[in-house]
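Scroll down for the structure; my scribbles are underneath it.
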Amino acid sequence: MPLDHNPTPAANFETVSIRSQAPRSQHREHSVPMFLTSSFVFDSAEHARALFAEEESGMVYSRYGNPSVDEFVHKLCALEGCEDGFATASGMAAMFGSMAALLSSGDHIVASRAVFGSTHAVLTRVLARWGIGHSYVDPADNNGWRAAITPATRMLFVETPSNPGLALVDLEYLGRLADEHGIILNVDNCFATPYLQTPARWGAHLVTHSATKFIDGQGRVLGGAILGSSELIGEVRSFARATGPALSPFNAWVLSKSLETLAVRMERHCENALALARHLEQHPQVNEVRYPFLDSHPQRELAGRQMRHGGGVVTFEVKGGLEGGKRFLDGLQMVTRSSNLGDTRSIATHPATTTHCKLSEQERQAVGITPGLVRVSVGLETIADIIADIDTALEQRQQR
Ligand SMILES: *Cc1c(COP(=O)(O)O)cnc(C)c1O
């Protein structure tokens, strides 16, 4: 489906996110329509033959493609500066699909030690059974990435900023490293979104997303995407056509509408997050605050180079260790105790007892998850109310 836009990742981000759209139907609808149909009609036997032979492009069956899904994925490609993409039913379908479609038994992945929990499970429990090996490295250690590459390495997999430690990966360095070795740099851009960071610009060959987080941004639907060159996505598409991780047209429609407001939402998420991070840095009940755009962040300079703002997540360590962290969570009145992130609502998570509970104490230490560490996904409520709720919870923690 051709789009009436110029696909450069753009200084005119807001315009592209709103105005890049597929040609509308004979009804001349203004907003994106929703195509809830599992299959499509052939004009003739010859037309069907040409479609199946892939001599002609067109809609066949919604596992392969659907106009609502295409609208979402093409818009995301325009924002990321990628040639082509395939949208998936969840972020994990994208992470898994990007690996399973392109790797074979005997291949090796070098991954950041600080990957999302289910990505860790894919590497250690699924791909390992199929003879695809992996090594973990410290995301911030450029030399560590270089040293971990073996002759079998086919892919570097990173998240930046990392969850929940908010360490950054130097994308420009890794882009060059991947090219030197002729391997794929695959970047999970879920925390930053294309509004804050476009990995393809630094040489990433694949950009993967959980659209469930900031892209939807309103806690409604699951979704994901794999973006890259036509060549790589061609392989992903043929894998996905056969195996069936396709995004539903309804969720795609929701996500297309979400992209139209991504820039304004991210601006406010980041503004609120920076204000909260600065406030917490001064708080006597807090030991350490991590946020990429705080001057105290060890990679502040890199953050300014590859990100527009610091993102919507702030991580900090409350005093009092594991009990201190749990008491803080229990003292919250407004900020939600949940494990999700990237919502209009602010959400607090205690990684040591929830998202990262399956890791050993040592593994948690290695990725900087101390017992009192708390992650806050800063929402779009009035910042004074977010700060007041967090302050109250910190004070209660002190009194008990
Ligand atoms: C949530 C998340 C995922 C998985 O996405 P789902 O949509 O929940 O499947 C992958 N990577 C990161 C960084 C995430 O935060």
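These figures come from a predicted structure and were not determined experimentally. One-based numbering, in listed order, for ligands and for the atoms of each.
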**Prompt:** Quick one: does Ser377's side chain have a donor or acceptor within less than 3.5 Å of a partner on Ser346's backbone?
**Reply:** no
**Message:** Determine whether Arg308 and Glu267 satisfy the following criterion, salt bridge (charged side-chain N to carboxylate O under 4.0 Å, His left out), listing intermediate values before the conclusion.
**Reply:** CA-CA 10 Å; Arg308 191 198 294 255; Glu267 280 291 335; 5.2 Å; no
**Asked** Within 45° of the axis and under 6.0 Å from the centre of the six-membered ring of Phe293, does NZ or CZ of Arg300 qualify?
**Response** yes
**Message:** Tell me if a side-chain donor or acceptor on Asp188 pairs with a main-chain N or O of Met95 at a distance below 3.5 Å.
**Reply:** no
**Residue list, ring-ring contact (aromatic ring centres under 6.0 Å, His included) with His120, at least two apart or on another chain** = Tyr136
**Message:** Quick one: does any side-chain atom of Asn272 pair with a main-chain N or O of Glu381 as donor and acceptor, under 3.5 Å?
**Reply:** yes
**Complete:** At a 4.0 angstrom heavy-atom cut-off, ligand 1 is contacted by Ser90, Gly91, Met92, Phe116, Glu159, Asp188, Cys190, Phe191, Ser210, Thr212, Lys213, Gly223
